[in-house]
Amino acid sequence: MKAAARARSAVKSGVKRLLGRAGFDIVRSTTPQGGVDDFIPFEATMRAARAAGLPVGDYIDEAMNGTPGATRSTIDELRALGVFAAAPDTVLEIGPGSGRYLEKTLKECSPSRYEIYETAAPWANYLVDTFGVVAQPVTGFSLDATADDSVDLVQAHKVFNTLTFLGTCRYFFEMARVTRPGGRIVFDVMTEGCLDPAAMRAWARQGGAGHDSFPAALPRRTCVDLFADLGCDLEGSFLAPLGVASTEVLVFRKTA
Ligand SMILES: C[S@@+](CC[C@H](N)C(=O)[O-])C[C@H]1O[C@@H](n2cnc3c(N)ncnc32)[C@H](O)[C@@H]1O
């Protein structure tokens, strides 16, 4: 191999390793929407999870991200905040990917309808086949196929650190639109609470190679004020692991 090719290959595998820790790898989704629109490869990930003897979600937490139990602990926090107590009958998830949160959500409640908006077609198909969810078409950060005030729980995990500001902004309005009064909205963003000097240093040294848009940050206050303006009150929040540092999970209840 020539030196330039070797260097290219080394950079490529370094990028893959870093993105792998955040739950990414290099596979292009069918409908690029801006931001990090690649997701881990379906076949290879499933094969590796099988070889490790782990459910795919646990494999991603443990082997790829090095954060065993991370999904479980977020679901436990959501339960403690009462998110599942109201027995949501309709759930919508943006960017479920491998379905690691979806699978655990379905252990907490039994919705009659679970819609997903996911750009990575192999994963969307797998989730439809495995869990009987409904995959909706992804078009320009909208939830067009979902009616106003129709969903009990709208969630997105580790998605808004990967989209551009505009994509996230547009999805926020849509999440508030489709949630029924009394319903919950759950998502994480990398807020100022996740960005102390040590975290900044870790991201600067080890983060994000090859993807300028990951991880994207957003002020907590901006999210809280926007959702308040859309009739949604903040009920609780907590930190969860993201890459080399953390992300903040926010839980809103739509009141009007
Ligand atoms: C970092 S992954 C997180 C996946 C999953 N929520 C998890 O935590 O394991 C981001 C996910 O968002 C999906 N995605 C990217 N752009 C999207 C868009 N515009 N609309 C919906 N999903 C999108 C990706 O395919 C991927 O599944």
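Here the structure is a predicted model, which is why all the values come from computation and not from measurement.
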Side-chain touch [X]/[Y], heavy atoms, less than 4.5 angstrom:
| X | Y | answer |
| --- | --- | --- |
| Pro88 | Pro111 | no |
| Val178 | Asp149 | no |
| Phe238 | Thr74 | yes |
| Phe214 | Leu242 | yes |
| Leu78 | Val186 | yes |

Could you measure the distance from the [atom1] atom of [X] to the [atom2] atom of [Y]? Nearest 0.5 Å is fine.
| X | Y | atom1 | atom2 | answer |
| --- | --- | --- | --- | --- |
| Leu226 | Cys169 | CG | SG | 7.0 Å |
| Leu250 | Leu218 | CG | CG | 9.5 Å |
| Thr179 | Phe227 | OG1 | CZ | 8.0 Å |
| Ile40 | Tyr59 | CD1 | OH | 8.5 Å |
| Gln136 | Ser142 | CD | OG | 10.0 Å |
| Ser246 | Asp196 | OG | CG | 7.5 Å |

Under a single-linkage definition using a 4.5 Å side-chain heavy-atom cutoff for Ile, Leu, Val, Met, Phe, Trp and Tyr, are Val91 and Leu106 assigned to the same hydrophobic cluster?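 Yes; tracing contacts between hydrophobic side chains, which count when under 4.5 Å, links both residues.
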
Linking I/L/V/M/F/W/Y whenever their side-chain heavy atoms sit closer than 4.5 Å, directly or via other members, would Leu239 and Val83 fall into one cluster?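 No, because Leu239 and Val83 fall into different hydrophobic clusters, even though each may have its own neighbours under 4.5 Å.
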
Under the salt bridge (charged side-chain N to carboxylate O under 4.0 Å, His left out) test against Lys104, which residue among Asp76, Asp58, Asp61 passes?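 When Asp76, Asp58, Asp61 are each tested with Lys104, the salt bridge (charged side-chain N to carboxylate O under 4.0 Å, His left out) holds only for Asp58.
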
Is the closest basic N to carboxylate O distance between [X] and [Y] below 4.0 Å?
| X | Y | answer |
| --- | --- | --- |
| Arg113 | Glu115 | yes |
| Asp233 | Arg253 | no |
| Arg220 | Glu192 | no |
| Arg184 | Glu235 | yes |
| Glu174 | Arg170 | no |
| Glu108 | Arg72 | yes |
| Arg180 | Asp152 | yes |

Side-chain donor-acceptor distances from residues 124-135 under 3.5 Å, at least two apart:
unit_1, atom_1, unit_2, atom_2, d
Asn125, ND2, Ala121, O, 3.3
Thr130, OG1, Tyr126, O, 2.7

What pair of heavy atoms forms the shortest contact from [X] to [Y], and how long is it?
| X | Y | value |
| --- | --- | --- |
| Ala240 | Val249 | CB-CG2, 4.1 Å |
| Thr139 | Asp144 | OG1-OD2, 3.8 Å |
| Trp123 | Pro41 | CZ2-O, 3.9 Å |
| Pro241 | Lys158 | O-NZ, 3.0 Å |
| Glu62 | Pro68 | CG-CB, 3.5 Å |
| Phe252 | Cys232 | CD2-O, 3.8 Å |

Between the side chains of Thr146 and Tyr117, is a donor N or O closer than 3.5 angstrom to an acceptor N or O?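 There is such a pair between these side chains.
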
If only side-chain N and O atoms count, and only distance matters, is there a donor-acceptor pair under 3.5 Å linking Tyr101 with Gln155?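 No donor-acceptor contact under 3.5 Å links the two side chains.
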
Under a 3.5 Å distance rule, please check whether Thr164 uses its side chain to pair with a backbone N or O of Gly167 as donor and acceptor.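 Confirmed, Thr164 side chain pairs with Gly167 backbone.
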
Is the distance from the ring center of Phe172 to that of Phe187 below 6.0 Å?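 Ring-ring flag for Phe172/Phe187: true, centres closer than 6.0 Å.
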
Could you walk me through whether Thr247 and Phe160 pass the side-chain contact (heavy atoms from CB on, under 4.5 Å) check? CA-CA 10 Å; Thr247 183; Phe160 300 135; over 6 Å; no

Between Arg100 and Asn65, does the side-chain contact (heavy atoms from CB on, under 4.5 Å) criterion hold? Intermediate values first, please. CA-CA 13 Å; Arg100 60 183 167 153; Asn65 294 357; 3.5 Å; yes

Take Phe173 and Leu143 through the side-chain contact (heavy atoms from CB on, under 4.5 Å) test and state the conclusion after the steps. CA-CA 10 Å; Phe173 283 91; Leu143 303 174; over 6 Å; no

Run the side-chain contact (heavy atoms from CB on, under 4.5 Å) check on Leu92 and Ile116 step by step: do they pass? CA-CA 6 Å; Leu92 183 155; Ile116 60 167; over 6 Å; no

